[in-house]
Colleague: 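One structure follows; several queries about it will come next.
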Amino acid sequence: LKNLPDASNGELVDVLTQTPALRIERIISEGQSSPPGFWYEQDEDEWVLLLAGNACLEWADGSTTALASGDALLIPARTRHRVAMTSSPAVWLAVFWKPAP
């Protein structure tokens, strides 16, 4: 978590490893949030671990989940969500995989 690249002009996503069934990313945020009206609704399950900082996710029903450093969360595939807030910096580890048929 030392010497992080500057993400002040936009979130930085580094794919750490990827196979046809799995992708692991490091995401660095510096105060970014999802654009108004934008929702993630991917076809993959997503597990996120906030390695540093704070963030808040918003769900389609209007509820929110606050995350602090060390918090983890599973987001099932096709669950509408958006990033409502991130601290500067917020560092995420995100693991994506296709759900079982």
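Quick caveat: nothing in here was measured; it's all calculated off a predicted structure.
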Colleague: Looking only at heavy atoms, which two atoms of Trp92 and Leu67 are closest? And how far apart?
Modeller: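 Minimum heavy-atom separation between Trp92 and Leu67: CZ3-CD1, 3.8 Å.
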
Colleague: Could you walk me through whether Leu22 and Val95 pass the side-chain contact (heavy atoms from CB on, under 4.5 Å) test, one step at a time?
Modeller: CA-CA 7 Å; Leu22 179 79; Val95 181; 3.5 Å; yes

Colleague: Is Val48 reachable from Phe38 through a run of I, L, V, M, F, W or Y residues, each pair having side-chain heavy atoms under 4.5 Å apart?
Modeller: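 Yes: a chain of side-chain contacts under 4.5 Å links Phe38 to Val48.
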
Colleague: Membership question, hydrophobic clusters at under 4.5 Å side-chain separation (ILVMFWY): are Val15 and Ile27 in the same one?
Modeller: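 No, separate clusters.
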
Colleague: Take Arg26 and Val91 through the side-chain contact (heavy atoms from CB on, under 4.5 Å) test and state the conclusion after the steps.
Modeller: CA-CA 7 Å; Arg26 179 186 71 174; Val91 182; 4.1 Å; yes

Colleague: Do the non-hydrogen side-chain atoms of Glu46 and His81 ever get within less than 4.5 Å of each other?
Modeller: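 Sidechains of His81 and Glu46: in contact.
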
Colleague: In terms of hydrophobic clusters joined by side-chain contacts under 4.5 Å, are Tyr40 and Leu93 together?
Modeller: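 Per the 4.5 Å side-chain linkage, Tyr40 and Leu93 are not co-clustered.
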
Colleague: Donor-acceptor pair, Ser69 side chain versus Leu51 backbone, under 3.5 Å?
Modeller: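 Yes, Ser69 side chain to Leu51 backbone: donor-acceptor pair under 3.5 Å.
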
Colleague: Kindly compute the distance separating CZ (Arg23) from CD (Glu44), expressed to the nearest 0.5 Å.
Modeller: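 Arg23 atom CZ to Glu44 atom CD measures 4.5 Å (nearest 0.5 Å).
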
Colleague: Could you report the tightest heavy-atom contact between Ala60 and Trp39, atom names first, then the distance?
Modeller: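 Scanning both residues, the minimum pair turns out to be N-CZ3, 3.6 Å.
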
Colleague: Determine, using the 4.5 Å side-chain heavy-atom cutoff (strictly less than), whether Trp97 and Leu16 are members of one ILVMFWY cluster.
Modeller: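 Yes: a chain of side-chain contacts under 4.5 Å links Trp97 to Leu16.
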
Colleague: Answer whether the closest heavy-atom distance between the side chains of Trp59 and Thr65 falls below 4.5 Å.
Modeller: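 Contact flag for Trp59/Thr65 side chains = yes.
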
Colleague: Linking I/L/V/M/F/W/Y whenever any side-chain heavy atoms sit under 4.5 Å apart, do Ile24 and Ile75 land together?
Modeller: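 Ile24 does not cluster with Ile75.
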
Colleague: Do you know which two heavy atoms are closest between Met85 and Ser33, and how far apart they sit?
Modeller: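 Looking at all heavy atoms of both residues, the shortest contact is N-CB, 4.2 Å.
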
Colleague: Look at atom CG of Asp61 and say whether more than 12 heavy atoms of other residues, nucleotides or ligands are closer to it than 6.0 Å.
Modeller: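 Yes.
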
Colleague: Any salt bridge linking Arg82 with Glu58? Criterion: basic side-chain nitrogen under 4.0 Å from a carboxylate oxygen.
Modeller: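 So Arg82 pairs with Glu58 through a salt bridge.
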
Colleague: Determine, step by step, whether Thr79 and Glu41 satisfy the side-chain contact (heavy atoms from CB on, under 4.5 Å) criterion, reporting the C-alpha distance in whole Å, the side-chain angles of both residues, the deciding distance to 0.1 Å, and the verdict.
Modeller: CA-CA 6 Å; Thr79 299; Glu41 192 173 357; over 6 Å; no

Colleague: Keeping Asp71 on the side-chain end and Leu50 on the backbone end, is there a donor-acceptor pair under 3.5 Å?
Modeller: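 A pair under 3.5 Å: no.
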
Colleague: Are any non-hydrogen side-chain atoms of Val83 and Leu57 less than 4.5 angstrom apart?
Modeller: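 Yes. Closest side-chain heavy atoms under 4.5 Å.
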
Colleague: What pair of heavy atoms forms the shortest contact from Asp45 to Ala77, and how long is it?
Modeller: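 Smallest heavy-atom distance, with atoms named: OD1-N, 2.8 Å.
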
Colleague: Measuring from Asp6:CG to Leu12:CG, what's the distance to the nearest 0.5 Å?
Modeller: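 Between Asp6 CG and Leu12 CG, I get 7.5 Å after rounding to 0.5 Å.
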
Colleague: Between Glu25 and Asp14, is any pair of side-chain heavy atoms under 4.5 Å apart?
Modeller: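 SC-SC contact between Glu25 and Asp14 ruled out.
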
Colleague: Would you say Thr86 and Glu30 make side-chain contact, with heavy atoms under 4.5 Å?
Modeller: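 No. Closest side-chain heavy atoms not under 4.5 Å.
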
Colleague: Checking Ser29 side chain against Gly31 main chain: does a donor-acceptor pair fall under 3.5 Å?
Modeller: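 Not confirmed, Ser29 side chain does not pair with Gly31 backbone.
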
